[in-house]
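Take a look at the structure set out below.
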Amino acid sequence: RLAALPVEFSVGHLGYMPAACGVGHPGFQSFLALFREGRCWVKLTGSYRITGLKATPYHDVTPIAEALIETRPDRVIWGTDWPHPITKIPMPNDGALLDQLSLWAPDAEIRRRILVDNPARLYGF
């Protein structure tokens with residue numbers, strides 16, 4: 001259904017695939033294929049929603065984040081998902097969530113795209 005949309009769209013929470021499923025899961029692979037096509041944006045938000053861990057850094061989310069960033073570094077943006085509604089694990093620290101981005105995207109230029117250039121293109125500012 002998403003592929004049939006005649007407009008660009010965004011998906012939050014790294015695609016909302018539970019980290020325990022892993023990047024090889026057929027559903028995640030289908031999502032990556034959709035993402036590759038170019039009309040989808042992915043928000044690197046809500047990592048605490050897909051982790052199996054109780055506190056940052058959510059290392060189990062790293063392979064998912066890395067796969068998304070590697071697939072389309074020009075179509076991902078970052079956010080905290082503040083105010084973290086309906087959190088099932090301890091409330092994450094927003095600074096720790098930002099620190100996690102450095103693990104997912106160690107290259108400063110890629111982080112600049114994620115934090116500055118991509119949001120400017122997506123939101124038109």
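The chain is numbered in sequence order, starting from 1. Just so you know, these numbers use all the heavy atoms, side chains as well, and skip hydrogens, waters and symmetry mates.
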*Checking Thr87 side chain against His84 main chain: does a donor-acceptor pair fall under 3.5 Å?*
yes
*Under 3.5 Å, is there a donor-acceptor pair between the side chain of Arg75 and the main chain of Cys40?*
yes
With heavy-atom distances below 4.5 Å as the criterion, would you say the side chains of Phe125 and Pro119 are in contact?
yes
CG of Leu53 to OG of Ser47, rounded to nearest 0.5 Å, is 10.0 Å
Any side-chain heavy-atom pair from His59 and Leu103 closer than 4.5 angstrom? yes
- Message: Please check this pair: side chain of Thr45 against backbone of His13, looking for a donor-acceptor N/O pair closer than 3.5 Å.
- Response: yes
Would you mind reporting whether Glu109 and Asp117 have side-chain heavy atoms less than 4.5 Å apart?
-> yes
Is Leu97 close to Trp82 at the side-chain level, that is, under 4.5 Å between some pair of heavy atoms?
no
Any donor-acceptor N/O pair, Ser30 side chain to Pro26 backbone, under 3.5 Å: yes
query = Does the side chain of Leu101 come within less than 4.5 Å of Ile114's, by heavy atoms?
reply = yes
Exercise. Mark yes when over 12 heavy atoms from residues, nucleotides or ligands other than Arg112 sit less than 6.0 Å from its CZ; otherwise mark no.
Key: no
Value for CG (Asp74) from CD1 (Ile69), rounded to nearest 0.5 Å, stands at 12.0 Å
Indicate yes or no: at least one non-hydrogen side-chain atom of Val42 is less than 4.5 angstrom from one of Ser10.
no
_Taking Arg72's backbone N and O only, do any of them form a donor-acceptor pair with Arg36's side chain (distance below 3.5 Å, no angle check)?_
no
The single option from Phe35, Tyr16, Phe31, Trp41 that satisfies side-chain contact (heavy atoms from CB on, under 4.5 Å) with Val11 is Phe31
*Under 3.5 Å, side chain of Asn118 to main-chain N/O of Ile77, donor-acceptor pair present?*
no
Worksheet item: Can you tell me if CD on Gln29 sees more than 12 non-hydrogen neighbours from other groups inside 6.0 Å?
Response: yes
- [ ] Using atom types as modelled and distance alone, determine if a side-chain donor or acceptor of Arg39 lies under 3.5 Å from a backbone N or O of Phe9.
- [x] no
Exercise. For the side chain of Thr56 and the backbone of Tyr58, is there at least one donor-acceptor N/O pair under 3.5 Å apart?
Worked result: no
- Message: With a 4.5 Å cut-off on side-chain heavy atoms, are Trp104 and Leu68 touching?
- Response: no
